[in-house]
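What follows is one structure encoded as structure tokens, with my remarks underneath.
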Protein chains: 2
Amino acid sequence: MAKRNLYLTNIPVEEALAKYLAALGDHLVPGFEEIPVTESLDRVTRQAVYARCCSPLYNAAAMDGIAVIAAATAGARENNPVTLVHGRDFVVTDTGDPIYPPYDAVIMAEDIVELAADTVQIREAAVAWQYIRPIGEDIVTGEMILPGRHRIRPIDIGVLLAGGITRIEVYTKPAVAIFPTGTEIVEPDIFSRESSIPGPIIESNTRMFEAQTVQGGGAPTRFAPIPDDYDLIREKIAKAAAEFDMVIVNAGSSAGTGDFTVHVLRELGEVIVHGVAMKPGKPVILAMVNNKPVIGIPGYPVSAYLAWEKFAAPVLGILAGRVIDSEAATVEAVIAKRIVSSLKHREYVRVKVGRVDGKLVASPLARGAGAAMSLVRADGFCVIDQNSEGIEAGAAARVELYRSLSEIERTVVSIGSHDLILDVIADMMAGGNTFLASAHVGSMAGLMALLHGECHIAPTHLLNGETGEYNVSYINEIFKETPMALIKGVGRIQGLIIPKENPLGITGVADLVSCRYINRQRGAGTRFFLDFCLKQKGIAPEQINGYDHEAATHMAVAAAVESGNADAGMGISSAAAALGLGFIALGNEEYDFAVHPRFLELPQVEAFIACLKSEAFHRRLTELGGYTREHCGEIVRIQGISSCQK
Amino acid sequence: MAKRNLYLTNIPVEEALAKYLAALGDHLVPGFEEIPVTESLDRVTRQAVYARCCSPLYNAAAMDGIAVIAAATAGARENNPVTLVHGRDFVVTDTGDPIYPPYDAVIMAEDIVELAADTVQIREAAVAWQYIRPIGEDIVTGEMILPGRHRIRPIDIGVLLAGGITRIEVYTKPAVAIFPTGTEIVEPDIFSRESSIPGPIIESNTRMFEAQTVQGGGAPTRFAPIPDDYDLIREKIAKAAAEFDMVIVNAGSSAGTGDFTVHVLRELGEVIVHGVAMKPGKPVILAMVNNKPVIGIPGYPVSAYLAWEKFAAPVLGILAGRVIDSEAATVEAVIAKRIVSSLKHREYVRVKVGRVDGKLVASPLARGAGAAMSLVRADGFCVIDQNSEGIEAGAAARVELYRSLSEIERTVVSIGSHDLILDVIADMMAGGNTFLASAHVGSMAGLMALLHGECHIAPTHLLNGETGEYNVSYINEIFKETPMALIKGVGRIQGLIIPKENPLGITGVADLVSCRYINRQRGAGTRFFLDFCLKQKGIAPEQINGYDHEAATHMAVAAAVESGNADAGMGISSAAAALGLGFIALGNEEYDFAVHPRFLELPQVEAFIACLKSEAFHRRLTELGGYTREHCGEIVRIQGISSCQK
């Protein structure tokens, strides 16, 4: 077998960065250039900027009115008006007009009475310098307008120009070369399902890096993917390290047989760090070639994102002359679900964050390094330190936020069962000023989250097998005496998702004993429904091949069936329809939203209910297919069972 | 006299905006276009985006190792190793490689022992699907990747491409026409002090609008200044209202004789609002021409900024399809200095914000509509509602922040006497991770702010006329028993700033009785020094012409002398040197920083002291001239006077 780089180091994040910056040392210096002020938005000043002229440039009227000689107005009072003659005692002046000697005060238009074409009367004396902006009132020649290392805002551009500055020295945008590598990597626009490459991966990470470079103040040049060819990779990196300020190589940074990057970098220069105690993102390479930073970033999207943020971003920031705000937007939040972590590394767990009953609650999302969608959905990272084995549910933890707190405050937090309509509602609410954030953990786990004050609403579809009633009995069981409410959602058709052609001729639950099934996770309402169906047919779970093969959403079940990983799975008809699969209807169920009555008046929950009731939403349900909507958005009060009923 | 628009309306801000948006109604609809995903950073999705393919595209190895048939590994245990043969029982696989049937599990490289070139041994059975990322684990075809109205981030670009999306529908960038108007307006690059135009104003506002348009998601086209010519303005606006999505006219929105804008807009279309109950920014014009928003923005820089933020920005936001975050970054802060306001309008007062002893403190800056530098220096606006007559010192008030809280937390708040070295220190600290924010209120007011817990340090230079000692006796007087400290600053030369040629032949304080003097504000150490000098010479303040003519900084005094507004003023030699003026030295004084000892260990105060002690700072002092620095950065403890000494 080919050589592997099995032994990565395991250095803490800060230590790795410090070691790298120390090695780069004086080579990490931003360049500078002179540019027009009018093109300097978001650029960073190299040094302090001093005004070249005063503003205003002269004594200027601060009001519309007349310019007068203060001494000539002395004695004017309500019962002793003074008459002024144009050209001798006053001139008409507008705001901003220059005031020349002998005039030394302005009287507002509102305070004068016009007697004739060139005569006015005043009833109050003017004090010298009143309503005059003296030369330099705003900016004095030689005054510092901006310090060095200042990121230029729109207001700064205005004031610089007013201070006589038209050109300014700023740091240059660092030129960043970005290389995708890997024989299996295919450009998105030439990718098709018919691609002849075995196991293609659509190239996407380096396009994210491009955008991150722009946001970080750099100028990216992204190259076409390089196949896994040692000499070719070496040649390209050597050239880039000569021509660019910084080089990014993705991926080949791990320990696989095709991971050449570290060997190439050792040959061309020096590898300072290979392997950092962080998860995801461990196999990052921090190297120096031709005294330039060259960073090897792992291929999994979440690893790539984190390796960029923790290493490439700070290096780019220094090269761009930006002040690095290392403590940006960190909050304390209560963790909704226990997170177990290893002492081997610091772990960054994606979380949704919401404000429920005044406290910030963070719900962990999917943790895999490949779960890029979890990054899209997340509001931030919960950071679990290396010396921690995890965080218990209900404990407080540090969360690095990347969504604004004010948006989070206006978000409905939904934890519970998954349905495609949640995405539709989130889409529809995004047009307004409130938001929906949902975590998919199944009906039971959602009700428990609601009980523990971790969410506003809990989507649920739990069938009482004895009464045939949905949701209410479970809520009573969990919330006891507490009065609760249900926001009625949709009726939906639950059944078996099967391949379009149905090669195994599956006709119902009885046939599941002779095929490969894919199940939903424990606590999911859909799994309850399967168990109910199996019980009715007298089939034991052990008879089902794949009962322990779990997926977390209806769409994931549908994908497993479509790909042939499974022959059948339970799910909703809209998921089958979305992938054009076969479907065997087994029952209509009620998919509702459990809620504490006190949340019903929150603006974001009101917006959520308004959306459920809207015509536009009902049109979208029709498009999805498989839903009924008689009671959509109605509120059902659940009084709770009294202690004596218990 | 020419016609004036004396009667502006006085509608509250929100009401004016609501009225305007209602009038624009359905005309205010964003356009859309399809663009490559790779160019979509910061653009806004028009509608929800659904995945066109799964990610991963196939069952993929999640680890480097070997792909096996789970069933064939059954029974492997620590004391019962199982041997696997390459090609029959396993194939080598790297992370991301596709896993094809019959293989259905992956064993990590770390968990296998190589026996021979094509034989390995395992000591643990594999569970079906272990270390395999099933097709669609991250993204399922048909799944919603992004909702509509979503601003695209780098991670979104990566996930869109991975989900098979290469082009995306986004809202177009609204085309915004921006017109400077006014005969007195001169382009910055053709401006010179020798300009023949009487009372020129350097055009700067529309360059700020350009940058604000870019930040707001629009595409600005800024035109050359139009002179005050009714027909020309009408023609240009009419053309722009046909070709652009939005038109900005600056200025001519007020009630002056040259203010045509409102008449032009009435002729061309409809003026919805002229005059809003806000200060600064009252004379804003909200109009509609050709069903397009046309906004007349007043000329004072601070008015211009606020009128943009409160009216142009939200209209642009709607046209750009952006969700408007109206509640962004508002905090409660304690007001350091009483603010009096009128019931006529809501007032936006620029403030510096700092964190002192755990509480946020807001110190008001200059309030004039022309004080653009106060916008540059400010951290936000303190909002004084229309129904409030002001805010007492020590009361809490709402502050709209536009600097990040985390930066504010790392800032030394300095309130007190002004010196040019404060700007130099701020400049030098900006390279690091801590900041200096200073408000200039004079020595006495600074010590009072320190007493009330509104700042960390108070720059002060107060002479005890009896002992000749600086600062300590005043601190003892104010802080009584409380132990305090002084961070020693610089020695500086105080004296009379006079014109370079000294036409009046001023030689000292005695000559002030026969010239126009400009004084500093009450409580300023420099005014104390003047009073001390006058007393020594037996001159009464009433004998000084201009004793009540006040300026707030050394540079403002120097500017008054340079412009001829005054013949002499007291100030520091570095201010005279900055403007090339004459100077008569009258004394050396000690400019120090009073501080509570408990603040000395704050990282930002430590950075401030380190800066004072640095070689680089001493070089800058030499460049400025007029300073001595023997004790710069030294800490002097002041024990406080005990109760019995009092």
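Chain letters run A, B, ... following the sequence lines, proteins first and then strands; every chain starts at 1.
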Considering only heavy atoms, which portion of [X] lies under 4.5 Å from any heavy atom of chain B: side chain, backbone, both, or neither?
X	value
A/L579	side chain
A/A577	neither
A/L146	side chain
A/H150	neither
A/Y402	side chain
A/L41	side chain
A/V37	neither
A/D423	both
A/V159	side chain
A/A60	neither
A/E143	both
A/E203	backbone
A/N59	side chain

Give, for atom [atom1] of [X] and atom [atom2] of [Y], the distance between the pair rounded to the nearest 0.5 Å.
X	Y	atom1	atom2	result
A/M555	B/M144	CE	CE	10.5 Å
A/W308	A/T213	CH2	OG1	3.0 Å
A/I132	A/M63	CD1	CE	12.5 Å
A/R149	A/Q47	CZ	CD	12.0 Å
B/T206	B/R222	OG1	CZ	3.5 Å
A/E407	A/F435	CD	CZ	4.0 Å

Quick one: what part of [X] sits under 4.5 Å from any heavy atom of chain A, side chain, backbone, both or neither?
X	answer
B/N205	neither
B/T166	side chain
B/A552	neither
B/I155	both
B/A566	neither

Can you tell whether the side chains of A/R207 and B/E39 come within less than 4.0 Å, N to carboxylate O?
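So A/R207 does not pair with B/E39 through a salt bridge.
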
Taking B/D427 first and then B/R620, would you say they form a salt bridge - that is, a charged N and a carboxylate O separated by under 4.0 Å?
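Yes, B/D427 and B/R620 are salt-bridged.
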
If you count heavy-atom pairs under 4.5 Å between each of [options] and chain B, which one has the most?
options	value
A/H86, A/R133, A/Q212	A/R133
A/A372, A/A575, A/A558	A/A372
A/G182, A/S374, A/G136, A/A162	A/A162
A/G370, A/A559, A/A556	A/G370
A/A304, A/S563, A/G96, A/A578	A/S563
A/A51, A/A211, A/G546	A/A211

Taking all atoms of both residues into account, what is the closest heavy-atom pair of B/S40 and B/I157, and its distance?
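Taking B/S40 first and B/I157 second, the nearest heavy atoms are OG-CG1, 3.8 Å.
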
Return the minimal non-hydrogen interatomic distance between B/I145 and B/G163, and the atom names on each side.
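It is CD1-CA, 4.1 Å.
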
Is there a side-chain contact between [X] and [Y] (heavy atoms, below 4.5 Å)?
X	Y	value
A/Y305	A/M208	yes
A/D104	A/I99	no
A/D156	B/V376	yes
B/I202	A/S55	no
A/P301	A/L375	no
A/N565	A/I518	no

When heavy-atom pairs shorter than 4.5 Å are enumerated against chain A, which of [options] gives the highest number?
options	value
B/S204, B/P147, B/P154	B/P154
B/A62, B/P134, B/P36, B/A560	B/A62
B/E137, B/R167, B/E409, B/R153	B/R153
B/D97, B/D42, B/D138	B/D138

